[in-house]
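Below: the structure, in structure tokens.
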Amino acid sequence: EMFASMDVEVPGGKEIANGLLLFERHGKDKYGRPVIKRHHVRLSQKTGRRIFAEQFNRNLHGRLYVAFQNIPSVARKTMRINGEACIELDFEAMHPTLAYNAAGVRMDDQPYALGRGITRNEAKLGLLIGFNADDRLSAARALVRDDDELQIPYHQAVKIIDAVFERHDPIRRMLCTDTGIKFMNIDSRITVGAMKALVARGIPVIGVHDSLIVASRFEGQAREEMTK
């Protein structure tokens, strides 16, 4: 009901049919050659649902999925909800925070600072993959495969995963053990809880995994619910 009542516009996309948007970006193929990446989002599909990893187990996965989430991050900056400019607010470093809390150890404020010449984006992707992989080998392979924008070669992927283990030794037991699927369940409950609270206050909101999109004038109220 919440999504159905929203009027969402995305000037960053090209409307090619009623409610169907085309998004294009420059990327590279597996050989490193420049290509144009294209995908479509149908804004008329406004229903959303939580998807769990197992039919009768509500403790694994459970994130909310809706078509709006497929809008590229750059284009999301142009979104308008009911005619109003929007802002996207992140739950900062949610999975690392959950891991350190579970370990009973205080996390510093720079979980993605790995050193070794590794960028923040590489570190963030490496750590998130580390939570979801079964072992270091599959983590490195996923790091090569999962982001064609960064174009991470295999030797760099191994270096990143090694740095993740070294930097986050206090939560080593949670890395490459498929712990991420449990963290997804927790972050989904946190995100959906904040969304419900905002809707109860009459504020339209869109959830994108671990972030919320609201009209800019509701930023204060959204931050308030996100920190409860």
Side-chain angles (χ1 to χ4, degrees), residues 2-3 5-13 21 23 25 39 41-43 45-52 61-82 84-101 107 109-113 119-132 146-147 149-150 179-228:
M2 172 184 65
F3 294 130
S5 63
M6 285 185 194
D7 179 24
V8 178
E9 302 170 79
V10 190
L21 298 184
F23 296 94
R25 64 177 176 83
H39 80 274
V41 176
R42 189 174 292 280
L43 294 185
Q45 295 177 340
K46 294 185 177 182
T47 57
R49 64 191 181 106
R50 295 180 70 189
I51 298 178
F52 294 88
H61 210 301
R63 279 181 163 179
L64 178 68
Y65 287 86
V66 66
F68 303 131
Q69 296 168 344
N70 296 320
I71 298 170
S73 58
V74 173
R76 289 203 298 266
K77 298 180 187 298
T78 71
M79 285 180 65
R80 302 180 72 85
I81 296 177
N82 298 335
E84 298 188 56
C86 296
I87 185 169
E88 183 169 355
L89 307 173
D90 293 324
F91 288 95
E92 185 67 28
M94 184 178 283
H95 284 198
T97 300
L98 292 174
Y100 274 88
N101 285 345
M107 184 183 76
D109 60 355
Q110 294 187 355
Y112 303 128
T119 69
R120 186 183 187 279
N121 286 342
E122 290 175 334
K124 182 176 182 179
L125 185 59
L127 183 52
L128 292 180
I129 286 177
F131 284 129
N132 291 283
D146 281 11
D147 197 309
E149 290 184 13
L150 294 179
T179 307
I181 198 168
K182 298 177 182 178
F183 290 158
M184 288 180 193
N185 183 267
I186 299 171
D187 76 38
S188 71
R189 285 187 272 127
I190 293 171
T191 302
V192 171
M195 292 175 68
K196 287 182 176 179
L198 289 169
V199 171
R201 297 171 69 167
I203 299 173
V205 56
I206 295 171
V208 183
H209 298 321
D210 58 355
S211 67
L212 299 179
I213 300 173
V214 296
S216 297
R217 67 186 175 101
F218 295 125
E219 178 180 354
Q221 295 94 318
R223 290 191 184 279
E224 178 185 335
E225 296 298 343
M226 292 171 73
T227 55
K228 284 186 177 179

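Positions are given from 1 along the sequence.
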- Please tell me if the side chains of Leu198 and Phe218 come closer than 4.5 Å, counting only heavy atoms from C-beta onward. no

- Message: Please give me the minimum heavy-atom distance between Phe131 and Pro96, naming the atom from each residue.
- Response: CE1-N, 3.9 Å

- Task: Measure from the side-chain N and O atoms of Glu225 to the backbone N and O of Met195, and report whether any donor-acceptor pair falls under 3.5 Å.
- Result: no

- Closest non-hydrogen contact found for Ala67 with Val41 is O-CG1, 3.5 Å

- Between Ile213 and Phe68, is any pair of side-chain heavy atoms under 4.5 Å apart? no

- Message: Please find the pair of heavy atoms, one from Ala93 and one from Met107, that lie closest to each other, and give the distance.
- Response: CB-CE, 4.4 Å

- Message: More than 12 heavy atoms of other residues, nucleotides or ligands under 6.0 Å from CD of Gln110: yes or no?
- Response: no

- If you round to the nearest 0.5 Å, how far is CG of Leu98 from OG1 of Thr179? 11.5 Å

- Flag, side chain of Thr191 to backbone of Ser188, donor-acceptor distance under 3.5 Å: no

- Query: Taking side chain as C-beta onward, heavy atoms only, is Asp187 less than 4.5 Å from His209?
  - Reply: no

- Distance in Å, Phe91 CZ paired with Thr97 OG1, rounded so as to fall on 0.5 Å steps: 11.5 Å

- To the nearest 0.5 Å, what is the distance between CE (Met226) and CD (Glu224)? 12.5 Å

- Message: Could you measure the distance from the CG atom of Leu128 to the OH atom of Tyr112? Nearest 0.5 Å is fine.
- Response: 5.0 Å

- Query: If you round to the nearest 0.5 Å, how far is CG of Leu89 from CD of Glu219?
  - Reply: 5.5 Å

- Message: Exactly one of Ile71, Ile81, Leu212 should register a side-chain contact (heavy atoms from CB on, under 4.5 Å) with Ile206. Which one does?
- Response: Ile81

- Query: Side chains of Asn132 and Met184: does their closest heavy-atom pair fall under 4.5 Å?
  - Reply: yes

- CZ-CD distance between Arg201 and Gln221, expressed to the nearest 0.5 angstrom: 5.5 Å

- Using atom types as modelled and distance alone, determine if a side-chain donor or acceptor of Ser211 lies under 3.5 Å from a backbone N or O of Glu88. no

- Message: Taking the side chain as everything from C-beta on, heavy atoms only, tell me whether Asn121 gets closer than 4.5 Å to Lys124.
- Response: no

- Message: Within the structure provided, determine whether Lys182 and Asn185 are in side-chain contact (heavy-atom separation under 4.5 Å).
- Response: no

- Task: Could you pull out the closest heavy-atom pair between Asn82 and Pro204, with the gap in Å?
- Result: ND2-CG, 3.7 Å

- Item | Heavy-atom pair of closest approach, residues Gly180 and His95 | O-CE1, 4.1 Å

